[in-house]
Number of protein chains: 2
Amino acid sequence: MSVHLLQTATSVLLKDPTASLGDVARAAGVGRTTLHKRFPTRAALVRAVANDALDLIDSVSCQVDFDRDDAIEDLITRLVALGPRVEFLLRFPGLERDAELRTRIEAMDEPVLDLITRLQGTKLRRDLPAWWILHTLYAGLFNAWEAISYGRLAPLDAPRFVLTTVFEGVASAGATDRT
Amino acid sequence: MSVHLLQTATSVLLKDPTASLGDVARAAGVGRTTLHKRFPTRAALVRAVANDALDLIDSVSCQVDFDRDDAIEDLITRLVALGPRVEFLLRFPGLERDAELRTRIEAMDEPVLDLITRLQGTKLRRDLPAWWILHTLYAGLFNAWEAISYGRLAPLDAPRFVLTTVFEGVASAGATDRT
DNA sequence: GAGCAGGTGAACACTCATGTTCACAACGGT
DNA sequence: ACCGTTGTGAACATGAGTGTTCACCTGCTC
């Protein structure tokens, strides 16, 4: 049941980062006292939500074979499915002020950066820095999550949208005006 | 001098959306009373900052000839230069709850959406919805602003990065694995 | 039934952002 | 020198979120 509490907290805090603890408790169908017993302070709750998301990413990361050439496609597809839990990590303001969290987030980026660097020998452009490509991927993910939450994009369409847009761009195949 | 106040408020609130009015006033080198005299309430300040950003966009929008085929490139290049003032519009939480602001934001999107739809006849892909392409552009902008604020990206490089990435994608030219 | 773990609402004190007012200082125009 | 404007710090009341405690209830095991 504590799991459901964290998930509810995730979506409530994501929708309104200034939501009070009372709001979170009510949304989770739980007393504010109970919430306080699990997470003695607001900072503790936020940290728990973030760590939960990081655990989720770790579990996904383990399932991806980073040695395969289509590892990125696999990773993106799996990350899209995670939705708000991970979006929280990239969106919640002030999260990077927690040193421990910042460390975990950077550690999460590292293998992907390595993968990108390696693939820049084959299927990825060499004229862009790896970090820019990584953040472009994140931007695509965030884009998809937002569209899904607004009901504009079907969750099952999302991976294809993100991958095709990030990899091939929005220009039509014929128009190659690389400047 | 009021202009400088709004710009300071923009960057302070962007860095920390929960910053107190005292923080804003101090950052602007002005008394909290003075701030209150100009903007009687916090909501009024936020609205003023947002409207300032929208005015800025309007003034840019007027300079772009939406009939030209390279209007998008022109628009993006100009928007990148605006930086945090516009980033505020896309980032600040709860901004869309103000009906008047939401209207202005949608009105801002409209001509760009029309342009995208028109260009889908020529240089833009037809197999993606116009709104998706629009949001991909925004995501690229946001990406660049963030990289600039972290000092990773030179402002003068930004337009090229955004345009080439959004239009052509991150895949190397040879790898055309359109699924 | 006794005991215990877990959950709950009520209540309290405390902090802090906020809105508001007021008296005072600086400055420019007349 | 006078006065309106503009900015300033100090002070105050208010409200909301927060952390904390306590008494009470429920369901479970022994």
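Every chain is numbered from 1, with letters handed out A, B, ... down the list of sequences. Everything numeric here is computed off the predicted structure, so don't read it as measured data.
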When rounded to whole Å, the NZ to P distance for the pair Lys37(A) and dT8(C) reads 9 Å

Rounded to whole Å, the CG-P distance (Leu35(B) to dT6(D)) equals 16 Å

Sorted by chain and number, sequence neighbours left out, side chain to side chain contact (heavy atoms under 4.5 Å, CB included) with Ala81(A) holds for none

With sugar-phosphate taken as primed atoms, P, OP1 and OP2 and all else as base, the protein-contact string of nucleotides 11-20 of chain C at under 4.0 Å (heavy atoms; B, S, -) is B-----SBBB

Taking atom CZ as the centre, does Arg68(B) end up with more than 12 heavy-atom neighbours from other residues, nucleotides or ligands that are less than 6.0 angstrom away?
no

Taken to the nearest whole Å, CG/Leu5(A) to P/dG6(C) is 15 Å

Going through the distances and angles, do Trp132(B) and Val170(A) end up as a side chain to side chain contact (heavy atoms under 4.5 Å, CB included)? CA-CA 9 Å; Trp132(B) 174 263; Val170(A) 301; 5.5 Å; no

Side chain to side chain contact (heavy atoms under 4.5 Å, CB included) filter on Arg26(B), not counting sequence neighbours, yields Asp23(B)

ask   = Do Arg125(A) and Thr164(B) get their side chains close enough for a donor-acceptor pair, meaning under 3.5 Å?
value = yes

